[in-house]
Asker: 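Structure in C-alpha cells, see below.
Residues take their numbers from the sequence shown, with the count starting at 1.
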Amino acid sequence: KRLRQELEDLKSKNFQSSFLEAENNKLQDVLELEKKSPFSVVNAKVILDKNSPYLNSVIINKGSNAGIKLGMPVLNEGYLAGRIVEVNFVSSRILLLNDLNSRIPITFGKESIQAILSGKGESKPMLEYLPELYEPYGNLTVFTSGKDGVFLPGIPVGKTEMDELEVKVRLFSDPNQLSFVTVQLINTSKDNF
C-alpha cells in the first residue's frame, strides 16, 4: 500500500514536471521573439478568457503600469492576435480578431488589395470591402496595411480561404490557444530607450 502511494506521488510529480517544462519552453519562445522585435514590447500572460458565441476577448496580467495603452496591437508568436480595448493599472483586455466588433484594415496579394478584416464571432474572420471587380482566390498571405494609423504595416495575420462567395481568413494565431502574448508598444522603438 505504501509503495502504491509512493508510485502515485511520483506520477503526480512527473505530470507537474511535464507541465512546467512545456510552459518554460513557451516562455523561452516568447522571450526570443522579444529580442528579435525592433520595437519595445511587453510580454503578458493570459489570465482570463471571456469567450462567448460572438464576443471573444481575453484579459492579460499587464496594464498601464507596464506602458500599455488603448489600441496597441497584440501579437502571438509574431502574428497579430488582436488589440487592446481596455486598460487598468495591472491588467488589460484584448479584443481578438474573430470578435464580432473587430475591424482591421489589411492588404494582401501581388496587387496589394486593400480590405477590412471583420470578425464574425466564428473561428475565421472575413474580408469585406474588396474591390468591385476583384476575383478572389485562396491561400494568399494577409498583412496589416497600417492605414488606420494604429497598427504598423506588414504584421502577418493569416491566409485567405474561399467559402462559397465569401473570402475568409484562416488566422495564423489561434484565438482559442493563447497563453502568452506580446503587446507592441506603439511609437516606442528600442532605440529610444
Side-chain angles (χ1 to χ4, degrees), residues 25-46 49 56-58 60 62 68-85 92-131 134 136-163 166-190:
N25 289 337
K26 185 78 171 167
L27 282 169
Q28 287 179 1
D29 291 344
V30 168
L31 289 173
E32 190 61 34
L33 281 171
E34 179 181 355
K35 289 179 193 172
K36 292 179 182 177
S37 175
F39 300 95
S40 293
V41 296
V42 172
N43 292 315
K45 182 172 178 48
V46 173
D49 191 346
N56 298 288
S57 67
V58 294
I60 57 173
K62 297 288 173 82
I68 294 176
K69 296 178 184 167
L70 286 177
M72 289 183 165
V74 179
L75 285 69
N76 178 35
E77 298 180 3
Y79 305 118
L80 188 65
R83 64 185 163 93
I84 301 291
V85 291
S92 303
R93 185 165 68 95
I94 302 167
L95 184 72
L96 300 174
L97 294 178
N98 61 337
D99 186 281
L100 193 59
N101 299 308
S102 178
R103 306 279 183 275
I104 306 287
I106 57 89
T107 185
F108 66 98
K110 291 178 186 173
E111 307 90 358
S112 295
I113 301 296
Q114 305 291 311
I116 300 292
L117 180 73
S118 297
K120 296 296 176 191
E122 303 166 356
S123 62
K124 296 175 187 169
M126 68 181 281
L127 295 181
E128 294 182 331
Y129 307 107
L130 291 163
Y134 176 71
Y137 54 97
N139 209 31
L140 298 172
T141 304
V142 174
F143 299 93
T144 55
S145 69
K147 292 216 171 185
D148 57 356
V150 175
F151 294 103
L152 297 168
I155 301 172
V157 176
K159 291 261 189 195
T160 59
E161 281 187 359
M162 295 306 300
D163 183 17
E166 296 179 334
V167 183
K168 295 206 171 183
V169 175
R170 184 180 68 252
L171 299 172
F172 289 140
S173 173
D174 185 346
N176 298 317
Q177 297 297 317
L178 299 177
S179 54
F180 295 97
V181 294
T182 302
V183 181
Q184 207 171 52
L185 303 179
I186 305 282
N187 299 328
T188 56
S189 156
K190 280 184 179 173

Asker: On a heavy-atom basis, which atom in S145 and which in Q114 lie closest, and how many Å separate them?
Answerer: CB-OE1, 3.5 Å
Asker: Could you check whether any side-chain heavy atom of L97 comes within less than 4.5 Å of a side-chain heavy atom of P175, counting everything from C-beta outward?
Answerer: no
Asker: Taking atom CZ of R83 and atom CG of D99, what is their separation to the nearest 0.5 Å?
Answerer: 9.0 Å
Asker: Tell me the closest heavy-atom pair linking S92 and I68, and the distance in Å.
Answerer: OG-CG2, 3.6 Å
Asker: State which residues pass side chain to side chain donor-acceptor pair (under 3.5 Å) with T144; sequence neighbours excluded, sorted by chain then number.
Answerer: none
Asker: Can you pull out every salt bridge (charged side-chain N to carboxylate O under 4.0 Å, His left out) where at least one residue sits in residues 143-162? Sequence neighbours excluded, please.
Answerer: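 Listed by first then second residue: K124-E161, E161-R170.
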Asker: Please report the interatomic distance CG(L117) to CZ(F108), rounded to the nearest 0.5 Å.
Answerer: 10.5 Å
Asker: Counting N and O atoms only, with roles assigned by atom type, does the side chain of T107 sit under 3.5 Å from a partner on the main chain of I113, one being a donor and the other an acceptor?
Answerer: yes
Asker: Taking all heavy atoms of A115 and all of L130, pick out the closest pair and write down the distance.
Answerer: CB-CD2, 3.7 Å
Asker: If you round to the nearest 0.5 Å, how far is OG of S123 from CG of L171?
Answerer: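 Those atoms lie 8.0 Å apart.
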Asker: For atom OH of Y134, decide whether the heavy atoms of other residues, nucleotides or ligands shown that lie under 6.0 angstrom number more than 12.
Answerer: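 Atom OH in Y134 is packed in, count exceeds 12.
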Asker: With a 4.5 Å heavy-atom cut-off, do K168 and K120 have their side chains touching?
Answerer: no
Asker: When rounded to the nearest 0.5 angstrom, what is the spacing between CD1 in I155 and CD1 in I106?
Answerer: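 Reported to 0.5 Å precision, the distance equals 13.0 Å.
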Asker: Find the distance between CD1 (I60) and OG1 (T182) and round it off to the nearest 0.5 Å.
Answerer: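 That separation rounds to 9.5 Å.
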Asker: As an exercise, state the distance from OG of S173 to CG of L96, rounded to the nearest 0.5 Å.
Answerer: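 Reported to 0.5 Å precision, the distance equals 8.0 Å.
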Asker: Decide side-chain contact (heavy atoms from CB on, under 4.5 Å) for F172 and E77; before the verdict, give the C-alpha distance in whole Å, the side-chain angles of both, and the deciding distance to 0.1 Å.
Answerer: CA-CA 9 Å; F172 289 140; E77 298 180 3; over 6 Å; no
Asker: Check the pair L152, Q184 against side-chain contact (heavy atoms from CB on, under 4.5 Å), reporting the backbone distance first and the verdict last.
Answerer: CA-CA 10 Å; L152 297 168; Q184 207 171 52; 3.5 Å; yes
Asker: Mind listing the closest non-hydrogen atom pair of G138 and M162 along with its distance?
Answerer: N-CG, 3.8 Å
Asker: Search all heavy atoms of I104 against all heavy atoms of S102 and return the closest pair with its distance.
Answerer: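 So the two residues come closest at CG1-OG, 4.0 Å.
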Asker: Is there side-chain contact between M72 and L185, with at least one heavy-atom pair below 4.5 Å?
Answerer: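 With C-beta onward as the side chain, the pair touches.
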Asker: Do I94 and S57 have side chains that get closer than 4.5 Å, going by heavy atoms?
Answerer: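 I94 vs S57: side chains apart.
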